[in-house]
Trainee: 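My questions will all concern the structure given below.
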Amino acid sequence: MRLTRRGLLIGAGAGGGLLLAFRLVPRHYAGALVAGEGERIFDSFIRLARNGDVSVAVPFCEMGQGVTTLAAQIVAVEMGADWKRVGVEPAPVSPVYGDAVLAARWAPLWMPLAPSLADSPEGTLARLHAEREPFQITAEGTALAAFEAPLREAAAAVRAVLSMAAADQWGVGWETLEARDHAIFNGRQRLGFVRLTQAAARFDPPDPPVLRAEPAREKPGSFPDGARPAYPRLDLPAKVDGSFVFAGDVRLPGMVFAAIAHGPQGDSVLASYDKAAAADVKGLVGVVHARRWLAAAGTTWHAADKALKAMDPRFKAAGRIADSAALEARIDTALHKGAKVRIAAEGDPDALLAKPSLSARYDVEPALHAPLETATCTARLEEGRLEIWLATQAPDLARRAAARAAGVRLRDTVVYPLHAGGSFDARLDVRVASQAAAIAKTLNRPVQLMWSRWQESLAGYPRTPVSAQLSAAMSPDKQRLLGWRTRMALPASAIEWGTRLLDETSAQAAQDAAHGKADPLACEGALPLYAIPEKAVDHVPLDLPLPTARMRGGALGYTAFMVESFVDECAHFAGAEPLSFRVAMLSGQPRLVACLQGVARLAMWGGGADASGQGIACQRMDLAAPEGLRSGFIAVVATARQEEGAIRVDQLSAYADIGRIVNVELARQQIEGGLLFGLAHAIGGSTAHAAGLPLSGRLSQLGLPLLADCPKVDVVFADSGEQPFDPGELGMVATPPAIANALFSATGVRLRRLPLLSEGF
């Protein structure tokens with residue numbers, strides 16, 4: 001076993017070894033992977049088998065975004081490995097996989113305690129590791145920014161020691177050799193990886209690793225329609241033939257199945273249930289209750305669900321309960337009369353906006369994540385050892401929650417991360433892990449807990465509702481925007497869900513912690529990216545009896561709708577063409593201007609006038625990374641119309657600049673999926689609440705687009721050499737305003753409420 005300063009571990013496994021994770025914080029961690037017989041472990045990311053097969057440890061939650069394929073491709077390209085010999089495995093919970101970029105991104109959640117951490121990824125991660133290690137969470141599209149470099153370095157180290165082993169046999173300098181097709185070449189001489197793995201253990205890699213001049217990259221248009229991608233998705237064949245194992249497919253000896261009932265949204269507790277009524281249900285195994293839920297277990301899930309319904313659980317209010325009428329009244333009062341906190345500004349627009357040229361109110365209803373797969377977890381507690389199988393974006397926090405619920409030591413708790421059947425950030429919630437562990441402990445047998453669709457809608461935390469008053473001041477000739485102000489009324493939602501997640505606390509305690517606080521992350525994107533001399537964002541924090549959570553797109557899911565719709569209103573007020581109106585305010589942003597011009601060509605933009613039914617919107621997203629700011633840009637043109645009181649979107653065209661593209665097909669799938677997710681939340685995806693119960697609790701009630709409703713989609717990428725940016729959220733945030741602007745063009749009616757159908761025509 002050899003251990004270099006950079007932390008490359010080669011030898012008989014990680015047992016007893018230490019990994020120096022200089023990329024994270026200067027601390028020593030036990031190696032995360034354990035080598036099997038004849039295997040070699042590299043930097044806790046790569047497992048090299050005796051036969052030359054490569055397995056990449058992926059520390060992210062695969063939710064359909066293709067991140068497992070992306071990680072494997074980065075390693076394969078850097079190593080020179082044969083794609084057919086590369087596989088993936090879920091990384092275990094370990095501080096080795098702490099995400100410094102995400103920690104820095106979420107620094108504002110800890111600003112009241114440690115404001116100096118805001119600009120320091122290393123400082124943020126150090127604090128999080130000190131208090132909540134490991135910080136292993138999948139969110140916000142940080143995978144490439146955080147892990148491309150360590151994956152490349154690990155792969156480069158493998159390539160180096162294999163080259164050294166070959167060079168030793170040939171008597172040449174290893175730097176002159178080439179690695180490709182799973183072999184090392186010296187001109188016509190060739191040695192396969194399989195013949196070099198044992199000898200490679202004698203060599204240390206160079207420090208720092210020698211990376212290839214060109215990282216993994218595919219040019220836009222590399223694979224036209226019908227052409228086979230060079231790196232097809234690893235998970236696709238099993239998902240197509242149905243053999244892929246999701247959380248609901250896990251089976252253990254002696255396992256039973258559990259269904260659960262939660263109380264209404266808000267502060268509710270279990271009041272009563274009739275256990276005797278379930279006694280005659282065939283297959284019932286047991287009943288477990290907690291303060292806020294009741295569960296039944298059976299030999300089948302349907303038997304458990306039948307028993308649960310027979311018991312007729314009743315809940316009572318222990319505090320405030322969510323009700324849409326009261327929610328909207330509270331938000332309305334705050335918007336007009338609440339105390340504001342200025343959280344972002346360039347200049348001071350207040351004097352200009354004493355009498356605004358234009359002002360409009362925008363509203364957004366609570367939005368449900370509605371992933372196809374509902375929350376599911378399997379738990380087994382035997383001889384003091386707890387094992388859980390689930391799809392989670394926060395495996396360490398799920399492990400902690402389960403251990404606490406089962407009364408087991410953390411070191412005796414193991415998480416087996418699984419791929420998620422969709423998430424959109426719903427799987428940041430780890431309650432299902434604690435519930436499954438508690439049920440398994442009570443029944444003393446393995447149990448699989450699966451939430452029903454109704455329970456997913458009832459108990460899942462939605463994206464926050466929000467109302468905003470946007471005001472603009474224009475020059476006398478109406479050619480320029482001189483001032484802009486956004487006044488937003490919403491809870492400190494990011495602080496709330498961050499506290500609930502990272503402090504591992506209850507929904508009520510998290511809401512109490514967020515009480516009265518201004519929340520920059522919850523208002524992100526409300527300050528326009530346009531060159532307006534005086535602009536500001538005011539947050540009016542308020543308390544709601546509705547717990548809220550992060551959703552794909554974050555705050556930009558609603559602020560982009562407000563800002564891009566209101567910019568369109570300003571263009572119409574000025575009598576200007578919407579695209580040129582935007583471009584005129586984007587000096588110094590050539591990449592975004594290029595996206596606007598590119599999508600105009602792609603969609604044959606006609607100016608959005610004369611009832612054309614075309615609408616345009618654009619967005620920029622930024623991510624702070626160790627090498628500097630990474631940015632993604634997108635412009636979207638929607639073609640939409642009103643049809644018998646419904647919205648029909650005929651076409652969505654997108655032009656995106658996401659920097660260097662690692663995998664073109666994955667990037668295209670991400671943009672296309674984001675566009676359709678944005679469409680879904682433009683026309684549906686939300687629910688009102690009455691007495692804490694969602695009025696739209698079934699998928700069929702959410703107004704989501706069917707396959708027949710999906711528009712023609714065109715996506716084009718810029719050929720860029722900038723740092724890569726994850727495209728997963730870009731399409732989602734830009735689509736709703738593009739559709740709203742298209743409907744204004746088609747009908748002359750300005751829709752200012754999401755979902756758009758909730759306002760009517």
Side-chain angles (χ1 to χ4, degrees), residues 59-65 67 90-91 93 97-99 101-103 105-110 128 132 134-143 146 247 262 265 366-377 388 390-402 404 415 417-436 451 455-457 459-464 491-507 509-511 513-514 519 521-522 524 546-557 677 726 728-729 732:
F60 328 114
C61 177
E62 174 65 71
M63 301 170 278
Q65 78 274 41
V67 69
V93 176
Y97 306 114
D99 188 334
V101 175
L102 183 62
R105 166 80 178 140
W106 285 2
L109 301 179
W110 296 276
L128 293 177
R132 304 181 181 90
F135 193 80
Q136 189 173 340
I137 297 174
T138 304
E140 304 250 19
T142 61
H262 298 89
Q265 277 285 20
L368 300 181
H369 299 83
L372 189 60
E373 177 192 41
T374 60
T376 304
C377 179
I388 59 172
L390 79 166
T392 176
Q393 294 174 245
D396 179 58
L397 297 175
R399 181 178 69 147
R400 291 173 182 273
R404 188 166 52 249
V415 175
L418 300 171
H419 289 208
S423 173
F424 319 119
D425 287 341
R427 300 300 162 244
L428 287 171
D429 185 351
V430 299
R431 285 176 295 165
V432 69
S434 64
Q435 293 166 347
W451 291 12
Q455 291 299 321
E456 180 83 17
S457 299
Y461 301 133
R463 186 181 67 188
T464 183
S493 180
I495 294 175
E496 176 197 330
W497 60 252
T499 301
R500 188 174 61 237
L501 176 68
L502 298 165
D503 283 349
E504 305 168 46
T505 189
S506 68
Q511 288 177 298
D519 192 339
L521 280 182
E524 185 181 24
L546 177 68
T548 59
R550 190 186 191 277
M551 179 180 280
R552 182 182 188 179
L556 287 165
F677 192 81
D726 187 287
E729 300 187 332
M732 182 267 176

Trainee: Examine the side chains of Ser423 and Gln393 and answer whether a donor and an acceptor come within less than 3.5 Å of each other.
Mentor: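 A donor-acceptor contact under 3.5 Å links the two side chains.
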Trainee: Is Asp396 reaching over with its side chain to a backbone N or O of Gln136, donor-acceptor style, under 3.5 angstrom?
Mentor: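 Checking the backbone N and O of Gln136 against the side chain of Asp396, no donor-acceptor pair under 3.5 Å is found.
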Trainee: Could you tell me the separation between the CG atom of Leu397 and the CD1 atom of Ile137, rounded to the nearest 0.5 Å?
Mentor: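 One gets 5.0 Å once the value is rounded to the nearest 0.5 Å.
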Trainee: Calculate, to the nearest 0.5 Å, the distance between atoms CG and CZ belonging to Asp99 and Phe135 respectively.
Mentor: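 CZ of Phe135 is found 7.0 Å from CG of Asp99.
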Trainee: Using the test salt bridge (Lys or Arg N to Asp or Glu O under 4.0 Å), find all partners of Asp429 that sit at least two apart in sequence or belong to another chain.
Mentor: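 So Asp429 forms a salt bridge (Lys or Arg N to Asp or Glu O under 4.0 Å) with Arg431.
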Trainee: Can you name the closest pair of heavy atoms from Pro462 and Pro547 and give their distance?
Mentor: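 Pro462 and Pro547 have their closest heavy atoms at CD-O, 3.3 Å.
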Trainee: Decide side chain to side chain contact (heavy atoms under 4.5 Å, CB included) for Thr505 and Thr499; before the verdict, give the C-alpha distance in whole Å, the side-chain angles of both, and the deciding distance to 0.1 Å.
Mentor: CA-CA 7 Å; Thr505 189; Thr499 301; 4.0 Å; yes
Trainee: Step by step, would you call Leu368 with Phe424 a side chain to side chain contact (heavy atoms under 4.5 Å, CB included)?
Mentor: CA-CA 10 Å; Leu368 300 181; Phe424 319 119; over 6 Å; no
Trainee: Look only at the side chain of Asp726 and the backbone of Thr142, and say whether a donor-acceptor pair between them is shorter than 3.5 Å.
Mentor: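 Judged by distance alone, no pair lies under 3.5 Å.
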Trainee: How far does CZ of Arg427 sit from OG1 of Thr376, to the nearest 0.5 angstrom?
Mentor: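 The OG1 atom of Thr376 is 7.0 Å from CZ of Arg427, to the nearest 0.5 Å.
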Trainee: So, for Ala143 and Val67, which heavy atoms are closest and what is the spacing to 0.1 Å?
Mentor: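 The pair with the smallest heavy-atom distance is CB-CG2, 3.8 Å.
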Trainee: Just checking, is any N or O donor in the side chain of His262 or Gln435 under 3.5 Å from an acceptor N or O on the other one?
Mentor: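 Per modelled atom types, His262 and Gln435 side chains form a pair under 3.5 Å.
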Trainee: Could you go through the salt bridge (charged side-chain N to carboxylate O under 4.0 Å, His left out) check for Arg463 and Glu496 one step at a time?
Mentor: CA-CA 12 Å; Arg463 186 181 67 188; Glu496 176 197 330; over 6 Å; no
Trainee: Kindly write out the residues that satisfy ring pair (Phe, Tyr, Trp, His ring centres under 6.0 Å) with His369, not counting sequence neighbours, or none if the list is empty.
Mentor: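 Expected list: none.
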Trainee: Measuring from Trp497:CH2 to Leu521:CG, what's the distance to the nearest 0.5 Å?
Mentor: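 These two atoms lie 6.5 Å from each other.
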Trainee: May I ask you to say whether Glu524 pairs ionically with Arg105, meaning some side-chain N is under 4.0 Å from a carboxylate O?
Mentor: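 A salt bridge links Glu524 with Arg105.
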Trainee: Could you check if a side-chain atom of Met63 sits within less than 4.5 angstrom of a side-chain atom of Pro371, using non-hydrogen atoms only?
Mentor: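 Contact flag for Met63/Pro371 side chains = no.
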Trainee: Using every non-hydrogen atom in the two residues, find where Val415 and Pro417 come nearest and quote the distance to one decimal.
Mentor: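 Where Val415 meets Pro417 most closely, the heavy atoms are O-CD, 3.4 Å.
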Trainee: So which atom in Ala394 and which in Leu501 form the shortest heavy-atom distance, rounded to 0.1 Å?
Mentor: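 So the minimum-distance heavy-atom pair works out to CB-CD1, 4.3 Å.
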Trainee: Rounded to the nearest 0.5 Å, how far apart are OG of Ser493 and OH of Tyr461?
Mentor: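 Taking OG in Ser493 and OH in Tyr461, the distance rounds to 12.5 Å.
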Trainee: Check whether Ser434 reaches the backbone of Val432 with its side chain - one donor and one acceptor, N or O, closer than 3.5 Å.
Mentor: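 Checking the backbone N and O of Val432 against the side chain of Ser434, no donor-acceptor pair under 3.5 Å is found.
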Trainee: Provide the closest heavy-atom pair for Thr374 versus Glu456 in the form atom of the first, atom of the second, distance.
Mentor: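 That closest heavy-atom pairing would be CA-OE1, 3.5 Å.
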Trainee: Do the side chains of Arg550 and Asp425 get close enough for a salt bridge, i.e. N-O under 4.0 angstrom?
Mentor: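 Salt bridge flag = yes for Asp425 with Arg550.
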Trainee: Could you measure the distance from the CD atom of Gln65 to the NE2 atom of His419? Nearest 0.5 Å is fine.
Mentor: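 Those atoms lie 9.0 Å apart.
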Trainee: Between Gly460 and Trp451, what is the shortest heavy-atom contact and its length?
Mentor: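 Scanning both residues completely, I find the closest heavy atoms to be N-CZ3, 4.3 Å.
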Trainee: Does a side-chain heavy-atom distance below 4.5 Å link Thr464 with Pro366?
Mentor: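 When only atoms from C-beta onward are counted, Pro366 and Thr464 do not touch, as no gap falls below 4.5 Å.
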